[in-house]
Amino acid sequence: MTVASEPPSHKGKRPSRLFKNWMAKLASLPMILTALVVFVGGTAWTVTYSFTSSRMLPKTSWVGFDQYERLWNTDRWIISIKNLGIYGICSMILTLVIGFSLAACLDRKIRFESAFRSIFLYPFALSFVVTGLVWQWILNPDFGLQNVVRGWGWESFTFNPLNDPNTVIYGLLIAGLWQGTGLIMCIMLAGLRGIDEDIWKAARVDGIGTVKTYVMVIIPMMRPVFITALVLIASGIIKLYDLVVAQTGGGPGLSSEVPAKYVIEYMFRAQNLGQGFAASTMMLCSVVIILIPWAYLEFGGKKRG
Amino acid sequence: MSNILKSALLGTALTAATATAVMAEGVELEITHWWTSGGEAAAVSKFAEAWTATGNTWIDGAIAGSGGTARPIIISRILGGDPMAATQLNHGRQAQELIEAGLLLDLTDVAEAGGWADIVNPSSLLDACTLDGRIYCVPINIHSSQWIWLSHAAYENAGLDVPTDWNEFVASSGDLQAAGTLPLAMGQQGWQQNIAFGAITIAVAGLDAWKAVNIDKDADVARGPEYTAAWEAVANARELARESNVQDWNQATNMVITGTAGAQIMGDWAQGEFAVAEQVEGEDYSCLPGLGLNPVLDTGGDAFYFPVNDDADITAAQKELAALLISPETQVSFNLAKGSLPVRGDIDMSTANGCMQKGLDILADGGVLPSGDIAFSQDTTLQIEDLMAQFWSGDMSAADAQESYAQLIEDAD
């Protein structure tokens with residue numbers, strides 16, 4: 001081992017940077033190759049074949065932007081994008097607000113904190129498929145929430161979001177929030193616990209109120225925690241698929257379709273790989289458009305400063 | 001990525017299944033299919049029994065979920081070099097590219113030995129298995145979609161006679177609604193709505209217009225007055241089904257069985273549900289092929305394909321199985337259990353019930369149409385289903401829907 005760890009001796013020259021820590025680099029080679037071949041290679045392949053008229057099997061018959069033209073002229077795709085937009089914005093804001101509020105409440109040193117923490121985190125242990133089915137039943141007007149409330153005597157109570165094309169996306173949102181906020185709460189709570197007690201003491205000495213301390217002092221200090229939460233929520237939104245399949249199947253009609261479902265259905269059910277690839281490339285584009293300016297601000301800014 | 005994962009998972013599951021399968025003499029063939037409901041499983045066991053009786057082993061590779069779930073798994077296994085010995089698919093264009101890629105076994109010699117060209121009725125079923133003069137699949141059964149199922153209980157409660165065609169049904173729907181019954185049960189899924197659309201089109205627009213659009217892909221006819229009338233009838237049917245909140249087709253059938261809905265437009269597989277509920281045709285429910293106006297049936301259905309295999313023993317066994325599936329005894333036992341029509345007209349189906357007899361009569365008279373699986377590619381089919389889903393659940397006008405539909409027909413392949 002001592003031989004291996006000795007630095008390679010090149011007379012008069014500094015060792016090339018490439019061979020510095022070569023053992024570590026060798027060990028990470030499989031991971032590097034996997035990343036390059038599977039992620040970068042797979043992405044490049046998908047984008048390339050989105051410009052072909054591939055049906056069940058990939059073929060190199062180039063059709064230019066035809067698949068994209070068809071994609072953006074398809075009602076179902078437009079509906080999918082709108083749904084993802086509504087779901088995304090609402091889910092992002094509400095998850096952060098509810099997650100932080102719950103964490104702040106638990107942070108006030110209440111009794112049975114760990115019990116509450118488990119209860120709030122518990123839904124996260126369930127898969128989206130189970131979540132979707134459970135909420136499909138809860139929101140079913142004939143034996144779910146509406147039926148229960150009517151049973152209490154409020155006969156005119158109507159709560160049937162899943163069967164109304166205009167509200168079905170909010171039915172999904174409820175299930176998504178129920179499932180996802182627990183995890184965000186835990187991350188926020190960890191962040192709050194990481195704040196030095198002295199900050200609170202200083203705030204108290206200065207006579208700043210609790211809420212104001214949270215908003216003006218604590219939240220800015222928790223920036224890294226918020227970024228972690230944001231990335232987790234955003235990736236969950238983009239890949240929203242299984243919840244929709246389990247809870248509504250995209251219905252009624254097309255009113256709760258999402259882009260990921262479009263990709264899967266056109267690739268496999270319609271046996272139209274080209275169309276599916278075009279849709280998945282658009283999903284990639286939307287992620288890149290959001291991600292690059294953010295990464296630039298977040299990491300590029302720090303290097304300069 | 002997900003198809004690789006699925007096939008990997010499936011592979012594991014099947015390895016486990018193979019390990020527990022009883023070893024027997026003869027050749028083991030693994031057969032994949034998506035017949036998993038009660039009646040379907042009973043039907044497929046008839047095949048398994050017949051095959052086991054020849055001294056070979058049937059390894060059942062049932063894939064839960066409908067064809068939409070199973071088909072990608074089956075296709076990705078064939079493409080991925082892990083083919084099963086035989087698999088169910090709907091005949092038509094689903095396997096065309098697999099055939100072109102040389103992945104499916106040529107059955108022409110079996111077909112010639114068995115004289116399939118003479119016995120398969122209607123012959124369009126065999127045409128759907130044929131590419132460039134070679135035969136690649138065995139048609140198993142015929143399922144048709146142009147049926148309306150009527151609940152006698154619902155009409156008795158409203159004090160009405162059970163309608164005998166679509167026009168009477170529409171005329172009586174107001175009284176039915178007044179009696180608190182939903183006239184038309186409809187599962188809120190595109191493929192079911194597409195079936196209803198197809199059936200109403202044949203009844204209202206007539207056969208010639210239907211054929212021009214579905215077979216010749218004539219967009220002008222799809223924009224023409226016959227189709228305008230059809231779309232208006234569909235828009236009317238949409239209002240009759242407005243309160244129908246169910247998703248799955250069997251839930252909608254159940255509404256007809258319990259009498260909470262007057263009727264459902266659904267394929268002949270709905271019979272299985274009536275049978276399970278011990279309803280009697282003519283007493284508890286009625287069936288009208290072609291909605292009682294144009295008694296024709298499409299000839300969709302299932303077929304078996306045999307992926308190419310390196311092993312000569314397996315190839316020989318595949319051909320043996322192909323011949324067995326279409327033999328008279330197997331056809332009778334399977335189709336009676338499945339509630340579907342046999343692919344050959346020369347066998348005795350006298351034990352079948354009234355609805356099946358009506359279907360058999362129509363087949364004998366030659367009132368057959370190609371099914372959607374044969375007429376359109378999967379891509380076009382999904383686009384049409386998307387349009388149907390949008391139309392039935394929303395407030396899209398009949399004229400807008402007609403124009404979108406005509407556009408799809410124009411681009412159809």
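Here is the naming used below: chain letters follow the sequence lines, and residue numbers restart at 1 for every chain. None of the values given here were measured: they were computed from a predicted structure. Worth knowing before you read on, the calculation uses all heavy atoms, side chains too, and leaves out hydrogens, waters and symmetry mates.
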- Please report the closest heavy-atom contact between A:Ile79 and A:Ser255, naming both atoms and the distance. CG2-CA, 4.5 Å
- Message: Any non-hydrogen side-chain atom of A:Ile174 less than 4.5 Å from a side-chain atom of A:Trp135?
- Response: yes
- Around A:Trp152, counting heavy atoms of other residues, nucleotides and ligands shown, do more than 12 lie under 6.0 Å from its CH2? no
- Interface residues of residues 48-56 of chain A facing chain B - heavy atom cut-off under 4.5 Å: A:Arg55, A:Met56
- Segment of A:Thr248 engaging chain B (4.5 angstrom heavy-atom cut-off): backbone
- Item | Side chain, backbone, both or neither of A:Glu265 within contact of chain B (heavy atoms, under 4.5 Å) | both
- Message: Any non-hydrogen side-chain atom of A:Tyr170 less than 4.5 Å from a side-chain atom of A:Pro161?
- Response: no
- Where does A:Pro165 contact chain B at under 4.5 Å (heavy atoms): side chain, backbone, both or neither? side chain
- Note on the structure: Under 4.5 Å to a heavy atom of chain B? For A:Leu162 that would be neither
- Check: B:Gln88/B:Asp302 side-chain N/O donor and acceptor closer than 3.5 Å: yes
- Message: Using modelled atom types and a 3.5 Å cut-off, is there a donor and acceptor pairing between side-chain atoms of B:Glu97 and backbone atoms of A:Leu57?
- Response: yes
- B:Ile74 and B:Trp34, any side-chain heavy atoms less than 4.5 Å apart: yes
- Message: With a 4.5 angstrom heavy-atom cut-off, is it the side chain or the backbone of B:Gln383 that approaches chain A, or both, or neither?
- Response: both
- Which one, B:Ile75, B:Leu98, B:Asn245, leads in non-hydrogen pairs under 4.5 Å with chain A? B:Asn245
- Would you indicate whether the side-chain heavy atoms of A:Val130 and A:Ser127 approach each other to under 4.5 Å? yes
- Which portion of A:Asn140 sits near chain B, non-hydrogen atoms under 4.5 angstrom: neither
- Any side-chain heavy-atom pair from A:Leu284 and A:Thr46 closer than 4.5 angstrom? no
- Quick one: sort the B:Trp231 and B:Tyr405 rings into parallel, tilted or perpendicular, breaks at 30° and 60°. perpendicular
- Query: How about residues 385-395 of chain B versus chain A: which residues have heavy atoms under 4.5 Å apart?
  - Reply: B:Glu385, B:Asp386, B:Ala389, B:Gln390, B:Ser393
- What is the minimum heavy-atom distance between B:Leu89 and B:Ala95, and which atoms define it? CD1-CB, 4.0 Å
- Between B:Thr253 and B:Gln264, is any side-chain donor less than 3.5 angstrom from a side-chain acceptor? yes
- Just wondering, do B:Val246 and B:Gln192 contact through their side chains at under 4.5 Å, heavy atoms? no
